[in-house]
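Inspection log for the structure reproduced underneath, given as structure tokens.
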Amino acid sequence: MADLGNFTNTSEILRKYQFRMQKKYGQNFLIDANILNKIVEAAQVTKEDSVLEIGPGIGTMTQYLAEAAKRVTAVEIDRGLIPILEDTMSSYDNVTILCEDILKTDFSALAKENGGCPFKVVANLPYYITTPIIMALFESRMPLTSITVMVQSEVAERMQTGPGTKDYGALSLAVQYYAKPEIVARVPASCFLPRPNVDSTVVRLTRYEKPPVAAQDEAFLFALIRASFNQRRKTLANGLANAGGLGVTRKQVETVLEKMGLPLTVRGETFTLEQFAVLSNFLLQTGN
Ligand code: SAM
């Protein structure tokens with residue numbers, strides 16, 4: 001099969017199968033070999049690695065990954081792409097295509113099938129579900145060493161920013177709890193077919209063996225973070241006391257803020273990951 005990483009060969013496959021791209025699935029196929037090579041290189045894929053690709057499309061990046069990796073498992077939601085993938089992947093015996101929604105994928109079954117070895121996740125993500133996919137991957141029990149993905153530039157900024165910027169939020173804190181984020185490349189719209197109307201960036205998230213902060217209860221830490229950013233304009237004490245389901249009173253939050261030497265008017269958007277971890281651990285103690 002010819003290299004699909006260019007306009008001519010991609011158009012030919014689309015014509016051959018009379019495939020109509022679906023906007024609802026975020027279908028913007030890569031047609032630039034330089035960017036494809038850069039992504040695989042940034043993901044540091046070797047012949048020892050098992051790769052999980054999300055949304056293979058017609059198999060463009062899958063070709064590059066199949067050449068570089070030991071094996072590739074590619075999860076594609078669109079049934080219409082399966083016959084195309086069977087064709088474009090026919091010369092590779094190290095590629096498994098699963099036709100399913102990545103948000104419904106049983107990650108523990110995937111891990112089991114891979115003999116418990118960690119995956120490297122590599123993808124040109126469908127932008128409409130970037131955050132749920134990243135969160136599902138991190139929160140799953142699946143062993144993974146890194147996630148190298150094309151995302152909307154704005155989302156890449158949110159992943160790596162800190163307190164005091166407008167982009168800082170629950171996604172920044174979640175990503176930075178699990179991984180070290182690094183920008184790999186800015187990608188112009190001309191590298192896709194069709195061209196997306198947003199800017200794109202490749203980001204690599206290298207998973208920490210151990211999170212950089214010690215939280216006694218991860219679920220509570222993330223519930224606190226979400227509640228703080230849901231009520232961004234309120235002080236932390238008011239925001240958390242108003243959040244249903246947390247079981248935290250305004251008085252408890254104020255007591256902990258005093259212990260931390262912080263003003264009672266402080267807002268969650270100024271909190272670092274470490275401060276959220278301290279807050280959550282203190283609140284758990286106060287609750288007991
Ligand atoms: N990897 C191809 C490339 O780079 O040319 C296609 C990338 S395209 C941006 C996103 C792909 O994700 C599409 O093939 C789309 O059908 C697929 N997709 C969208 N939603 C999905 C989901 N929930 N689960 C799995 N695949 C999905």
Side-chain angles (χ1 to χ4, degrees), residues 103-104 107-108 128-144 147 151-183 203 205-288:
L103 295 178
K104 295 190 182 141
F107 291 119
S108 55
Y128 73 106
I129 43 168
T130 300
T131 300
I133 291 176
I134 301 285
M135 293 311 297
L137 288 168
F138 280 138
E139 284 170 1
S140 76
R141 301 254 164 251
M142 186 177 68
L144 60 91
I147 302 176
V151 296
Q152 204 176 319
S153 296
E154 192 198 307
V155 176
E157 293 309 327
R158 276 198 261 145
M159 286 179 180
Q160 57 152 26
T161 196
T165 63
K166 71 168 178 30
D167 289 330
Y168 186 57
L171 179 66
S172 330
L173 286 152
V175 164
Q176 292 163 31
Y177 178 79
Y178 290 110
K180 177 176 164 217
E182 288 164 289
I183 302 280
V203 64
L205 312 175
T206 309
R207 185 163 194 158
Y208 293 128
E209 277 179 26
K210 213 172 116 220
V213 298
Q216 276 165 28
D217 180 340
E218 246 175 44
F220 184 62
L221 169 68
F222 283 109
L224 269 188
I225 290 173
R226 270 194 297 273
S228 308
F229 286 96
N230 277 345
Q231 316 222 14
R232 234 186 149 104
R233 303 205 161 268
K234 294 204 168 135
T235 64
L236 193 71
N238 279 340
L240 295 184
N242 287 339
L246 270 184
V248 167
T249 66
R250 188 194 157 102
K251 184 80 204 122
Q252 280 175 316
V253 180
E254 288 182 347
T255 307
V256 172
L257 290 177
E258 269 169 7
K259 268 197 207 175
M260 292 172 75
L262 293 167
L264 303 187
T265 52
V266 75
R267 287 174 190 221
E269 64 192 8
T270 66
F271 258 47
T272 61
L273 178 59
E274 186 160 11
Q275 284 175 314
F276 271 115
V278 172
L279 175 74
S280 85
N281 291 345
F282 270 148
L283 280 174
L284 284 171
Q285 286 165 19
T286 321
N288 292 334

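Computation of the quantities below employed the complete heavy-atom set of this structure, encompassing side-chain atoms and omitting hydrogens, waters and symmetry-equivalent molecules.
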Margin query: Treating Ser172 as the side-chain partner and Arg158 as the backbone partner, does any N or O pair qualify as donor plus acceptor under 3.5 Å?
Written below: yes
Notebook entry, point to check: Do any N or O atoms from the side chain of Asn281 and from the backbone of Ala214 form a donor-acceptor pair under 3.5 angstrom?
Noted result: yes
Check: CG/Leu262 to CG/Leu279 distance, rounded to the nearest 0.5 angstrom?
Finding: 9.0 Å
Margin query: Does any part of the side chain of Leu173, heavy atoms only, come nearer than 4.5 Å to the side chain of Phe271, both counted from C-beta?
Written below: no
Note to self: I'd like to know if the side chain of Gln275 reaches the main chain of Thr272, judged simply by a donor and an acceptor atom lying under 3.5 Å from each other, with no hydrogens or angles considered.
What the structure shows: yes
Checklist line | Leu283 vs Phe220, side chain to side chain contact (heavy atoms under 4.5 Å, CB included): CA-CA, chis, key distance, verdict | finding: CA-CA 10 Å; Leu283 280 174; Phe220 184 62; 4.0 Å; yes
Check: Does the side chain of Gln231 reach to within under 4.5 Å of the side chain of Asn238, using non-hydrogen atoms?
Finding: no
Check: What is the ring orientation for Phe229 with Tyr168, classed by angle as parallel under 30°, tilted 30 to 60°, or perpendicular over 60°?
Finding: perpendicular
Item checked: Nearest non-hydrogen partners of Leu205 and Ala179, listed with the distance -> CB-CB, 3.9 Å
Item checked: Thr206: partners by side-chain hydrogen bond (donor to acceptor under 3.5 Å, both in side chains), with sequence neighbours left out -> none
Item checked: Under 3.5 Å donor-acceptor, Gln160 side chain and Gln176 backbone -> no
Item checked: Taking every non-hydrogen atom, the tightest pair across Leu224 and Ser280 -> CD1-CB, 3.3 Å
Note to self: Please find the pair of heavy atoms, one from Gln285 and one from Gln216, that lie closest to each other, and give the distance.
What the structure shows: NE2-NE2, 3.9 Å
Checklist line | Within-4.5 Å side-chain heavy-atom neighbours: Leu221 and Tyr177 | finding: yes
Margin query: With a 3.5 Å distance limit and no angle check, can you tell me whether Thr286 reaches the backbone of Phe282 through a side-chain donor-acceptor pair?
Written below: yes
Checklist line | Member of Ile225, Thr131, Thr161 meeting the side-chain contact (heavy atoms from CB on, under 4.5 Å) criterion with Leu171 | finding: Thr131
Note to self: Taking Leu137's backbone N and O only, do any of them form a donor-acceptor pair with Ser140's side chain (distance below 3.5 Å, no angle check)?
What the structure shows: yes
Notebook entry, point to check: If you take all heavy atoms of Leu264 and Thr235, which pair is closest and at what distance?
Noted result: O-CB, 4.3 Å
Notebook entry, point to check: Taking only residues two or more places apart in sequence or in another chain, which ones pass side-chain hydrogen bond (donor to acceptor under 3.5 Å, both in side chains) with Glu254?
Noted result: Arg250
Check: Are any non-hydrogen side-chain atoms of Ile134 and Met159 less than 4.5 angstrom apart?
Finding: yes
Next item on the list: Please report the shortest heavy-atom distance between Ala241 and Thr249, naming the atom on each side.
Entry: CB-C, 4.2 Å
Checklist line | NZ-CD distance between Lys234 and Glu269, expressed to the nearest 0.5 angstrom | finding: 14.0 Å
Check: Would one find more than 12 heavy atoms of other residues, nucleotides or ligands at under 6.0 Å from atom CD of Glu274?
Finding: no
Item checked: Distance-minimising heavy-atom pair for Ser228 and Leu236 -> OG-CD1, 3.4 Å
